[in-house]
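Down below is the structure, laid out as structure tokens.
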Amino acid sequence: MLADEEFWRLVAVLGGRPEAQDDRPYERLTAVLTQEPVERIIDFAEMLAFTLHQLDRRVLAEAPHADGLSDDDFLYARCAVVVAGPAAFAAVLADPAAFARFTTEEAAHAESILDVPSNAYQKATGKEWEHVEEYDYETGSNEQWW
């Protein structure tokens with residue numbers, strides 16, 4: 001798996017603005033990963049899944065600002081936290097109130113990060129992405145925190 005700092009360096013290519021309604025940062029990250037060995041694309045996918053899994057917590061899903069979020073919306077909000085970067089990630093883990101700004105409809109566009117590894121893999125290899133990450137990041141999958 002990628003080291004934390006390498007993962008966050010790659011995520012930084014997105015510009016740290018999850019609310020931006022712009023696909024170009026995701027296309028840039030896809031292009032960067034396409035130039036890497038296939039193992040690095042898989043490592044990025046694994047680290048992304050692990051990071052999203054860490055954010056899968058009942059305390060975040062049931063916070064007042066998250067009221068009414070569907071399971072998918074909660075996943076997209078967690079994607080927004082990742083896109084915002086390591087400081088946002090640490091802030092949300094330390095204080096669930098920090099999660100509020102990631103639960104907006106605009107921030108949900110950050111779900112585009114989910115497609116980056118598969119798109120990079122397909123562009124690099126010409127093959128379909130069939131990798132299944134070790135960590136499940138679907139809502140409620142982190143049993144320790146639910």
Side-chain angles (χ1 to χ4, degrees), residues 1-63 66 68-94 96 98-99 101-146:
M1 197 176 310
L2 291 176
D4 277 356
E5 53 277 351
E6 180 62 13
F7 172 73
W8 291 116
R9 185 189 67 74
L10 288 166
V11 169
V13 170
L14 298 173
R17 295 186 54 240
E19 72 287 348
Q21 305 298 298
D22 187 357
D23 289 331
R24 289 175 297 183
Y26 301 97
E27 292 165 0
R28 276 193 303 273
L29 179 55
T30 299
V32 167
L33 284 171
T34 300
Q35 301 304 311
E36 298 283 342
V38 169
E39 296 77 24
R40 301 268 295 161
I41 298 171
I42 293 170
D43 287 347
F44 180 84
E46 288 292 342
M47 192 65 177
L48 176 60
F50 177 68
T51 304
L52 291 170
H53 182 81
Q54 288 179 294
L55 289 166
D56 182 33
R57 299 170 183 228
R58 182 181 304 274
V59 69
L60 296 177
E62 294 180 351
L69 289 181
S70 69
D71 287 353
D72 284 345
D73 290 338
F74 180 56
L75 171 59
Y76 304 158
R78 290 183 283 136
C79 289
V81 173
V82 174
V83 170
F89 176 75
V92 166
L93 290 180
F99 189 59
R101 76 180 187 104
F102 302 106
T103 61
T104 65
E105 188 173 320
E106 294 78 21
H109 186 71
E111 62 111 359
S112 298
I113 195 172
L114 297 173
D115 295 325
V116 167
S118 60
N119 290 344
Y121 180 85
Q122 289 170 345
K123 287 181 179 186
T125 67
K127 298 177 185 173
E128 287 295 311
W129 175 258
E130 295 182 11
H131 181 76
V132 177
E133 293 84 5
E134 178 181 352
Y135 287 91
D136 186 353
Y137 52 78
E138 294 300 326
T139 297
S141 63
N142 187 346
E143 294 177 11
Q144 176 184 353
W145 290 98
W146 280 86

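- With hydrogens and angles disregarded, no donor-acceptor distance shorter than 3.5 Å links the side chain of Glu106 to the backbone of Gln21.
- Of all heavy-atom pairs spanning Ile41 and Ala124, the tightest one is CD1-CB, 4.1 Å.
- Put simply, the side chain of Trp145 does not reach to within 4.5 Å of the side chain of Val59, judged on heavy atoms.
- With sequence neighbours excluded, the residues that form a ring pair (Phe, Tyr, Trp, His ring centres under 6.0 Å) with Trp129 are Tyr121, His131.
- Of the options Asp71, Leu52, Asp72, Leu69, a side chain to side chain contact (heavy atoms under 4.5 Å, CB included) to Thr139 is made by Asp71 and by none of the others.
- Counting only distance, with no hydrogens or angles, the side chain of Glu46 and the backbone of Glu134 share a donor-acceptor pair below 3.5 Å.
- Val83 and Ala110 make their closest contact through CG2-CB, 3.8 Å (heavy atoms, listed as atom of the first residue, atom of the second, distance).
- By the 4.5 Å heavy-atom criterion applied to side chains, Gln122 and Lys127 are not counted as neighbours.
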Next on the checklist: Test side-chain contact (heavy atoms from CB on, under 4.5 Å) on Leu93 and Arg57; report intermediate values, then the result.
Outcome noted: CA-CA 9 Å; Leu93 290 180; Arg57 299 170 183 228; 3.5 Å; yes
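- Remark: the backbone N or O of Ser141 is paired with a side-chain donor or acceptor of Asp56 at under 3.5 angstrom.
- Leu33 CG to Asn119 CG: the interatomic distance, rounded to the nearest 0.5 Å, is 10.5 Å.
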Please list every donor-acceptor pair under 3.5 Å in which a side-chain atom of residues 7-16 meets a protein atom from a residue at least two apart or in another chain.
residue: Arg9; atom: NE; partner: Glu6; partner atom: OE1; Å: 3.0
residue: Arg9; atom: NH2; partner: Glu6; partner atom: OE2; Å: 2.6

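- The structure places CZ of Arg58 at 13.5 Å from CD of Gln144, a figure rounded to the nearest 0.5 Å.
- Residues Phe44 and Glu36 are not in side-chain contact: their nearest non-hydrogen atoms beyond the backbone lie 4.5 Å or more apart.
- Using the six-membered ring where Trp is involved, Tyr135 and His53 have ring planes that are tilted, between 30° and 60° apart.
- Heavy-atom minimum distance, Ala107 versus Ala80: O-CB, 3.6 Å.
- Looking only at side-chain heavy atoms (C-beta outward), Leu75 and Leu114 come within less than 4.5 Å of each other.
- Expressed to the nearest 0.5 Å, how far CZ of Phe50 lies from CG of Leu55 amounts to 10.5 Å.
- The ring pair (Phe, Tyr, Trp, His ring centres under 6.0 Å) test applied to Tyr76 returns no partner, not counting sequence neighbours.
- A cation-pi geometry, defined here as NZ or CZ lying under 6.0 Å from the six-membered ring centre and within 45° of its normal, holds between Arg78 and Phe74.
- In this structure, the side chains of Thr51 and Met47 come closer than 4.5 Å at one or more pairs of heavy atoms.
- Between the CG atom of Leu29 and the OG1 atom of Thr34 there is a distance of 9.0 Å, given to the nearest 0.5 Å.
- Annotation: Arg17, atom CZ; neighbour count of heavy atoms from other residues, nucleotides and ligands within 6.0 Å does not exceed 12.
- Looking only at side-chain heavy atoms (C-beta outward), Asp23 and His109 come within less than 4.5 Å of each other.
- Rounded to the nearest 0.5 angstrom, Asp4 CG and Phe89 CZ are separated by 8.0 Å.
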